[in-house]
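The structure appears below as structure tokens.
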Amino acid sequence: MDTPMPHAEIKYSSDIDLDIPAILAEIEQVILSHDDGAGDCKGRGYPTDAYHHTHVAVKVFVLVKPHRDANFSNTLLAALRAAITARISAPCAFSLELAYTGPFYITGQHQP
């Protein structure tokens, strides 16, 4: 049986010092505080040396569920923004997207 797992991607310019594991843990805690059945949140950080203006772009993916309506989404988005930006100590452009995966998406554990 597949386990629902949100995931997060953080893309950022390498001139900014970020504690990516701490931000990813914070994202997971925020999601679980709004939806305790969400499961663990996988995540990755992608620093880049090729950029134009210091920027942090975060995308959080979750599965479509009946209770994840517009109110839930806006509340979660605001909480994620507050938690993530609290961990960014330098000025930068910031973007955050909460994305819902479509019907042709599978997730789960791979056991070779």
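All of these numbers come straight from a predicted model, not from anything done at the bench.
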What's the separation between atom [atom1] in [X] and atom [atom2] in [Y], rounded to the nearest 0.5 Å?
X   : Y   : atom1 : atom2 : result
L98 : L76 : CG    : CG    : 5.5 Å
L80 : T85 : CG    : OG1   : 10.5 Å
I88 : I16 : CD1   : CD1   : 6.0 Å
C41 : E26 : SG    : CD    : 12.0 Å
I23 : Y12 : CD1   : OH    : 8.0 Å
L77 : E97 : CG    : CD    : 9.5 Å

Worksheet item: Can I20 be reached from V30 by stepping across I, L, V, M, F, W or Y side chains whose heavy atoms are under 4.5 Å apart?
Response: yes
Practice prompt. Indicate, with yes or no, if L18 and L96 share a hydrophobic cluster defined by side-chain heavy-atom contacts under 4.5 Å among Ile, Leu, Val, Met, Phe, Trp and Tyr.
Written response: yes
Practice prompt. Please report the shortest heavy-atom distance between I31 and P6, naming the atom on each side.
Written response: CD1-CB, 4.0 Å
Practice prompt. Quick one: closest heavy-atom pair of T54 and P91, and the distance?
Written response: CG2-O, 4.0 Å
Is there side-chain contact between [X] and [Y], with at least one heavy-atom pair below 4.5 Å?
X    : Y   : answer
I27  : V58 : yes
E28  : D40 : yes
Y100 : S73 : yes

Item to complete: Might you confirm whether atom CG of D69 has over 12 heavy atoms from other residues, nucleotides or ligands at distances under 6.0 Å?
Response: yes
Look only at the side chain of [X] and the backbone of [Y], and say whether a donor-acceptor pair between them is shorter than 3.5 Å.
X   : Y   : answer
N74 : A70 : yes
R68 : L63 : yes
S13 : D15 : no

Item to complete: Taking only Lys NZ, Arg NE, NH1 and NH2, and the carboxylate oxygens of Asp or Glu, determine whether E9 and K59 approach each other closer than 4.0 Å.
Response: no
Worksheet entry | ring-ring contact (aromatic ring centres under 6.0 Å, His included) contacts in which one or both residues fall within residues 47-76, not counting sequence neighbours | H7-F61, H67-F72
